[in-house]
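Take a look at the structure set out below.
Every value quoted in this text rests on a predicted model; they were computed, and no experiment measured them.
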Amino acid sequence: MASALALPDLLIVVAYILLVIGIGVYFSRRGKTRVDYFLAGRNIGWLAIGASLFATNISSEHLLGLAGTGSKSGLAVGHFEWLACIIVLLLGWVFTPFYLRTGVFTMPEFLERRYGKSARWYLSIISIVAYVLTKISISLYAGGILLHAVVGWDMYTSAVVIVVITGLYTVLGGLSAVIYTDLVQMFILIFGSIALTLIGLDRAGGWDAVVAATPPDFWHMFKPMSDPDFPWTGIVFGAPILGIWYWCTDQYIVQRVLSARNLDHAQAGTVFAGFLKILPVFLLVLPGIIGYALSGGEVTGDRSFAWMIATLLPTGLKGLVVAGLLAALMSSLSAMFNSTSTLFTIDIYQKLRPAADERETVRVGRIVTAAMVALGLLWIPFIGMLSDERMYVYLQSVQGYISPPIAAVFLFGIFWRRVNARGAMAALLTGLLLGAARFILEIQHKIAPFHNDLLVFLATVNFLHVAVFLFLVCSLVLVGVSLASEAPATAKLANVTFSETQRAPARRSLMHRVNVAASILLVLTLLILWWTFR
């Protein structure tokens with residue numbers, strides 16, 4: 001692989017870095033209040049929201065992980081992408097009306113409105129810990145692998161450069177800098193990935209040649225129930241649970257729609273993001289399969305995407321794609337920094353200092369963002385332990401242990417007025433204990449394999465099946481404890497459940513009708529794609 005970028009490539013990358021820092025400086029002069037800094041003044045349009053949802057989601061673990069998993073098992077990993085198209089519609093049509101109607105800043109704040117302070121503290125702390133120890137660390141590690149392979153820098157230097165630049169423009173500009181930079185990054189990422197896919201197909205001899213050079217099961221998305229990674233039962237019943245937590249209740253993603261100027265723009269943004277989420281199967285998973293074909297099966301795993309860039313792209317275009325890789329890395333990291341800052345400031349600091357004024361709140365937000373940057377740098381020596389040829393599957397599995405109880409309390413909380421605070425906390429703590437137990441068993445089994453059949457089963461059963469089990473158990477606990485205790489007061493349920501929501505007279509704008517039609521078109525498109533690649 002190339003050990004350094006040519007001068008034209010380097011100039012492109014430097015120009016991009018200067019651009020995003022400039023955006024951060026520009027918005028630092030505008031973000032004076034906490035609404036400006038954390039939610040971009042609640043004045044973002046649908047195009048920027050959709051682009052930000054997409055660019056924030058497509059991080060380094062997607063770029064390496066989707067291509068790497070594609071090179072090992074084919075298109076099946078794309079289920080997570082296409083299911084997201086449906087789940088993001090749930091965000092727009094089911095969850096967002098409640099979030100905007102209540103005017104919340106954070107998901108823990110909404111959970112407090114529905115259940116009480118304990119649920120808010122739980123979600124705030126779990127979210128912050130999860131961001132620092134999983135998303136930030138894995139993104140930095142993956143970014144280090146990418147830039148080491150393509151640019152020649154060592155992994156730690158790469159990670160330091162990424163986290164410092166990302167932290168700089170996030171600290172300066174807040175969410176406005178993040179969202180408008182995402183709009184630029186989306187186009188860079190899509191264009192670069194299209195170029196890589198088309199050049200790879202041309203080098204491989206076309207579509208038919210790639211199909212002939214790869215195992216037949218690569219092209220079937222629905223795998224047997226016994227498949228170790230993507231059983232159809234886990235995909236159909238388990239993956240949506242992860243999706244609801246990630247797309248509909250995670251501050252990292254939902255903060256984008258909270259910044260919308262109105263509900264129509266928020267929903268249009270989610271529909272636009274849904275259409276964009278069709279692309280990664282062809283722009284990220286497919287390059288991994290092409291890499292398998294070009295290398296005769298020798299290049300697989302997380303290094304596949306970087307190998308394609310270093311091997312196939314000419315000077316100039318390589319710089320543009322590296323800029324796109326930096327775009328994806330920095331977009332997701334900036335979202336994590338900003339979301340963690342928002343969670344800490346709104347859900348923890350303001351509870352401890354309710355008299356804090358706007359200026360103090362924004363200052364604390366910037367300090368916390370800087371602290372996240374520091375924690376990211378301190379974590380770099382440890383992220384080598386996360387090295388794995390199946391990074392994307394690893395990340396999904398960790399999320400599979402975190403998401404079920406949170407998804408359960410949000411879903412039941414919105415759809416059923418009878419669930420209460422005691423039931424919610426019982427479900428959250430039950431899910432935490434069971435999820436942590438499974439994670440510990442899995443790690444222990446990898447270090448020193450168990451010999452007891454029951455322990456082996458508990459440590460190795462597919463993580464998507466575990467997610468289904470956790471969701472069912474947490475739901476039963478939530479319902480059972482709620483029914484065994486006092487029902488919540490009706491006054492506390494206003495605008496946080498369907499039954500207690502005051503609906504305005506139906507006045508459907510043209511934008512609303514377009515959103516409905518586009519949502520139907522998106523669902524039909526997905527059904528056709530699933531049938532084609534079944």
Side-chain angles (χ1 to χ4, degrees), residues 46 49-51 53-54 57-58 62 66 69-70 73-96 186 190 193-194 197 207 210-211 214 216-225 227 229-248 253 257 266-289 392 396 400 403 407 411 415 462 464-465 467-468 471 508 511-534:
W46 67 271
I49 290 171
L53 285 169
F54 178 74
N57 169 245
I58 301 297
H62 276 73
L66 285 175
T69 308
S73 58
L75 292 177
V77 69
H79 273 301
F80 290 100
E81 302 304 299
W82 287 352
L83 280 170
C85 303
I86 303 294
I87 302 301
V88 80
L89 292 181
L90 290 181
L91 169 63
W93 293 105
V94 176
F95 289 87
T96 298
M186 180 199 70
I190 291 176
S193 297
I194 289 173
T197 302
W207 181 271
V210 172
V211 172
T214 51
D217 67 334
F218 268 33
W219 305 97
H220 297 284
M221 295 192 72
F222 288 92
K223 303 289 188 180
M225 185 175 172
D227 187 84
D229 295 323
F230 309 112
W232 73 266
T233 45
I235 291 295
V236 172
F237 300 108
I241 296 170
L242 278 66
I244 289 172
W245 167 73
Y246 180 85
W247 288 101
C248 301
I253 289 294
V257 298
Q267 291 173 333
T270 60
V271 174
F272 179 42
F275 277 102
L276 291 175
K277 285 296 289 179
I278 294 174
L279 300 178
V281 172
F282 303 106
L283 301 184
L284 298 178
V285 180
L286 185 57
I289 300 175
Y392 188 78
Q396 293 293 337
S403 61
L411 282 172
F415 285 103
N462 184 269
L464 292 171
H465 291 157
V468 175
F471 182 81
R508 304 306 186 191
M511 192 172 192
H512 174 85
R513 294 193 293 270
V514 170
N515 289 343
V516 171
S519 298
I520 295 172
L521 177 61
L522 176 57
V523 173
L524 292 175
T525 302
L526 287 168
L527 292 175
I528 293 171
L529 287 170
W530 268 316
W531 178 260
T532 302
F533 293 101
R534 65 188 185 280

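Looking at every heavy atom in both residues, Trp247 comes nearest to Ala84 through NE1-CB, 3.4 Å. Residue Phe218 comes nearest to Gly70 through the heavy atom pair CE2-O, 3.6 Å, listed as atom of the first residue, atom of the second, then distance. What you find for Phe230 and Asn462 is that their closest heavy atoms are N-ND2, 4.4 Å. Listed here is the closest heavy atom pair of Leu242 and Ala467: CD1-CB, 3.7 Å. Across all non-hydrogen atoms, the minimal contact from Leu83 to Ala239 is CD1-CB, 3.5 Å. Of all heavy-atom pairs between Ala76 and Lys223, the closest is CB-CE, 3.5 Å.
In this structure the side chain of Pro280 reaches within 4.5 angstrom of the side chain of Phe54, judged on heavy atoms. Between Tyr246 and Asn57, some side-chain heavy-atom pair lies under the 4.5 Å cut-off. At a threshold of 4.5 Å between non-hydrogen side-chain atoms, the residues Ile278 and Leu522 count as touching. Residues Val523 and Leu89 have side chains in contact (heavy-atom distance under 4.5 Å, counting atoms from C-beta outward). Within the 4.5 Å cutoff, side-chain heavy atoms of Val94 are placed close to those of Phe415. Ile244 is not listed as a side-chain neighbour of Phe471, based on a closest heavy-atom distance of 4.5 Å or more.
Atom CG of residue Leu411 and atom CZ of residue Phe95 lie 4.5 Å apart, to the nearest 0.5 angstrom. Distance CD1/Ile235 to CG/Asp229: 9.5 Å, rounded to 0.5 Å. In this structure, CG on Leu90 lies 12.0 Å from SG on Cys85, to the nearest 0.5 angstrom. Distance check, rounded to the nearest 0.5 Å: CH2 of Trp232 to CG of Leu464 gives 13.0 Å. Atom CG in Asn515 sits 11.0 Å away from atom CD1 in Ile520 (nearest 0.5 Å). Here the OG1-CD1 distance, from Thr69 to Ile289, works out to 10.5 Å after rounding to the nearest 0.5 Å.
Pairs passing the side-chain hydrogen bond (donor to acceptor under 3.5 Å, both in side chains) check and including a residue from residues 81-95, sequence neighbours excluded, read His62-Glu81, Glu81-Lys277, Glu81-Tyr392, Trp93-Ser519. Legend: side-chain hydrogen bond (donor to acceptor under 3.5 Å, both in side chains) pairs involving residues 523-534, not counting sequence neighbours, sorted by first then second residue: His79-Trp530.
Of the possible polar contacts, one joining the Thr214 side chain to the Val211 backbone as a donor-acceptor pair under 3.5 Å is found. Side-chain atoms of Thr96 come within 3.5 Å of backbone N or O of Leu91 as a donor-acceptor pair.
With sequence neighbours left out, Val514 forms a side chain to side chain contact (heavy atoms under 4.5 Å, CB included) with Leu510.
Of the candidates Ile58, Leu284, Leu286, Leu284 is the only one forming a side chain to side chain contact (heavy atoms under 4.5 Å, CB included) with Ser193.
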